[in-house]
Amino acid sequence: MAQTKKPLSSRMFRLVAGLVFCWMLLLNCLTPYLADDYTFAYAFDTGERLHSLPQLISSLVFHYHEWSGRVIVKFFAQGFTMFPKLLFNVCNAGMFMALGLVLYKLAVGRRSQKADWLALALIYAALWEISPVFGQTNLWMCGACNYLWATVGCCAFLLPWRYYLQQPFASTARMAAGMALAGLLAGWLSENTSAGMLVCLVLAGAVVFKRERRLPAWMATGLAGALVGFALLITARGNFNRASGFSDYDSLLTRYAMRFFACLNMLKDYALPLLFSFAILFLLLCFARQDAVKADLLWPLILLAGALGANFAMIGSHDYYLRSTHGVFALLAAACAACLVQLNSKAFRRGLACLSACVGIVCGIHMLEAGYDIASYWMMDHVRTQTLRQEISELDEPAAANIISYGIEPYTKWCGAYGLPDIRENGEDSLALGRARWFGVTSITATETRTYPFAGHTNETYAAGEAAAENAESMD
């Protein structure tokens with residue numbers, strides 16, 4: 001009987017991961033270039049179209065000194081613009097699938113139990129539902145490289161720590177050197193997600209040190225590498241150049257109090273479902289497994305601390321953008337899953353199956369809505385692009401032309417364009433100039449914003465159109 005169940009669970013596990021990959025591939029293919037994607041297609045130092053690796057490296061060096069220290073993820077964000085977007089679509093769909101698998105492995109570690117496909121499905125459901133700007137962090141090319149790819153890198157780097165807490169293993173010189181390099185890259189990925197990862201590393205290292213009175217060589221070199229990478233990320237001259245352009249409260253106390261509450265409000269507004277779930281699951285775990293190994297109880301708390309560390313690390317930033325929650329919510333999902341996979345009673349699993357069915361219905365409805373919104377936006381953008389190219393091809397001197405077009409506003413958080421600047425009245429900002437350069441004209445501006453019908457949903461453009469129609473009727 002056990003022999004028939006194990007292959008079934010493995011097949012279901014692969015099916016869940018495969019379906020997620022296919023769905024994300026479809027959504028990526030329906031997401032066009034957006035916002036910064038046009039700007040990133042050109043070298044930051046020379047303004048020339050990127051075509052080679054030396055150009056890309058030179059551009060990133062300039063970026064590090066003038067704008068931001070986040071050059072590891074920018075390597076991919078700029079690098080993908082040199083190839084057909086299909087390459088990014090496939091790689092990014094695989095990266096989202098990988099995120100769910102990495103979070104699952106963070107939860108289960110090296111347990112030899114059968115593949116828990118229901119836990120994997122719930123991890124993907126959490127990633128799909130909780131993110132306040134899913135499209136920005138998982139579909140938009142620039143955003144996905146900055147957030148999705150950074151989160152996968154940071155979480156993957158945590159896996160050896162997870163495995164060692166479960167079962168110590170021998171360290172080798174090669175592994176110590178490899179972990180130093182991997183730590184350097186992981187610490188250099190994302191300001192707050194890397195900070196959350198460092199919190200997990202320090203806490204896991206403390207548990208190991210208390211247990212063994214020493215740290216394995218690979219753990220010490222990995223932590224040191226991550227700290228060096230994080231220092232390179234934070235101390236980049238470009239960060240200070242950019243910070244000088246922000247205005248802030250004069251009072252130091254007021255400034256950081258406001259930032260603290262911005263971080264707290266982010267958890268209150270978006271993370272309560274995951275925080276409540278963790279509280280319930282952890283209490284059930286404590287009651288159900290009184291004989292549990294201490295590391296099995298500590299690991300979910302370490303992941304929770306990492307998530308909170310990633311969230312409150314944003315106190316150091318002038319702004320806490322919604323897309324910066326990506327790593328926070330991924331670590332929270334992993335913390336919940338780390339509790340869930342240890343609860344194996346039949347009664348709990350039956351209740352979980354019923355709850356999962358309800359979650360599946362909600363996700364299914366939202367997938368239909370997201371699919372419609374993303375496909376509709378893609379169609380409108382495709383028509384607009386074709387119109388622009390046709391209009392530009394008919395000009396005698398396109399390089400000197402100022403083109404008038406229109407903006408497009410989507411409806412749901414799953415669309416990559418949701419919350420991002422599109423074509424606007426101001427054609428002089430960097431995003432507008434990047435798009436104009438892409439089309440080979442001086443500027444592209446918008447005199448209006450358009451949208452598409454979506455029953456049961458509204459946005460600013462649709463509401464403005466309805467109000468204008470009502471005013472026209474009243475005047476008649």
Side-chain angles (χ1 to χ4, degrees), residues 99-100 102-104 106-108 116-134 137-138 151 155 158 192-193 196 199-200 203 260-290 292 296-315 320 322-367 412-414:
L99 176 59
V102 168
L103 296 182
Y104 175 81
L106 277 180
V108 302
D116 193 340
W117 66 270
L118 194 56
L120 179 67
L122 287 172
I123 288 172
Y124 283 126
L127 296 174
W128 175 257
E129 290 292 334
I130 298 299
S131 173
V133 281
F134 181 90
T137 54
N138 298 286
T151 301
C155 291
L158 288 174
N192 70 318
T193 305
V199 171
C200 293
L203 292 177
F260 170 80
F261 281 107
C263 295
L264 187 65
N265 288 336
M266 199 66 78
L267 293 178
K268 183 185 72 173
D269 293 341
Y270 300 104
L272 286 183
L274 284 177
L275 290 172
F276 288 163
S277 298
F278 178 84
I280 294 170
L281 290 168
F282 187 75
L283 287 175
L284 287 174
L285 180 61
C286 292
F287 295 144
R289 296 197 58 192
Q290 297 180 2
D296 289 337
L297 293 177
L298 286 177
W299 182 246
L301 293 175
I302 289 173
L303 291 174
L304 174 66
L308 296 177
N311 181 69
F312 286 100
M314 294 305 296
I315 289 175
Y320 192 169
L322 291 175
R323 51 182 175 263
S324 298
T325 60
H326 192 275
V328 178
F329 296 160
L331 286 170
L332 274 177
C336 293
C339 297
L340 187 149
V341 296
Q342 298 183 65
L343 296 167
N344 295 314
S345 69
K346 289 185 178 179
F348 175 79
R349 284 283 157 174
R350 287 168 183 163
L352 183 65
C354 295
L355 177 63
S356 300
C358 298
V359 172
I361 293 173
V362 174
C363 287
I365 293 172
H366 288 163
M367 287 171 69
T412 68
K413 66 178 185 177
W414 292 283

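Please read all numbers here as calculations on a predicted model, not as lab measurements.
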Q. Do you know which two heavy atoms are closest between Val341 and Ala119, and how far apart they sit?
A. CG1-CB, 3.9 Å
Q) For the residue pair Trp414 and Trp128, does the interplanar ring angle fall in the parallel (under 30°), tilted (30 to 60°) or perpendicular (over 60°) class? A) parallel
Q. Nearest heavy-atom pair of Ala126 and Leu274: which atoms, and what distance?
A. CB-CD2, 4.2 Å
Q: Could you note down all residue pairs passing side chain to side chain donor-acceptor pair (under 3.5 Å) where residues 302-313 supplies at least one of them, sequence neighbours left out?
A: Asn311-Tyr320
Q. For the atom pair CG (Leu322) and NZ (Lys413), what is the distance rounded to the nearest 0.5 Å?
A. 10.5 Å
Q: Can you measure from CH2 (Trp117) to CG (Leu122) and round to the nearest 0.5 angstrom?
A: 9.0 Å
Q. Do Leu352 and Leu343 have side-chain heavy atoms sitting under 4.5 Å apart?
A. no
Q. For the residue pair Leu297 and Pro300, what are the closest heavy atoms and their distance?
A. O-CD, 3.3 Å
Q | Beyond-backbone contact of Asn138 with His326, side-chain heavy atoms, under 4.5 angstrom | A | yes
Q.
On a heavy-atom basis, which atom in Ala125 and which in Val359 lie closest, and how many Å separate them?
A. CB-CG1, 3.8 Å
Q.
Could you check whether any side-chain N or O of Ser131 sits under 3.5 Å from a backbone N or O of Leu127, counting only pairs where one atom can act as donor and the other as acceptor?
A. no
**Q.** N/O donor-acceptor pair under 3.5 Å between Gln342 side chain and Leu285 backbone
**A.** no
(Q) Let me confirm one number: the OG1-CG distance from Thr151 to Leu331, rounded to the nearest 0.5 Å. (A) 7.5 Å
Q) Looking at Leu303 and Cys200, what are the two nearest heavy atoms and their distance? A) CA-SG, 4.2 Å
Q) Going from CG on Leu340 to CZ on Phe282, what distance comes out if it is rounded to the nearest 0.5 angstrom? A) 14.0 Å
(Q) With heavy-atom distances below 4.5 Å as the criterion, would you say the side chains of Cys363 and Tyr124 are in contact? (A) no
Q: May I ask you to test the Leu272-Leu267 pair for a side-chain heavy-atom distance under 4.5 Å?
A: no
Q: Would you name the heavy atoms of Ala271 and Leu332 that are closest together and state the gap between them?
A: CB-CD1, 4.0 Å
Q) So do the side chains of Leu304 and Leu275 get within less than 4.5 Å of each other, counting heavy atoms only? A) yes
Q. Any donor and acceptor pair, going by atom type alone, linking the side chain of Ser345 with main-chain N or O of Phe348 inside 3.5 Å?
A. yes
**Q.** Distance, nearest 0.5 Å, that separates SG of Cys339 from CD1 of Ile280
**A.** 11.5 Å
Q. Any side chain to side chain donor-acceptor pair (under 3.5 Å) pairs touching residues 267-286, not counting sequence neighbours?
A. none
Q | CG-CZ distance between Leu283 and Phe278, expressed to the nearest 0.5 angstrom | A | 9.0 Å
Q. Can you find a heavy atom in the side chain of Leu103 that is under 4.5 Å from one in the side chain of Cys155?
A. yes
Q. Below 4.5 Å, heavy atoms only, C-beta onward: do Trp299 and Leu203 meet side chain to side chain?
A. no
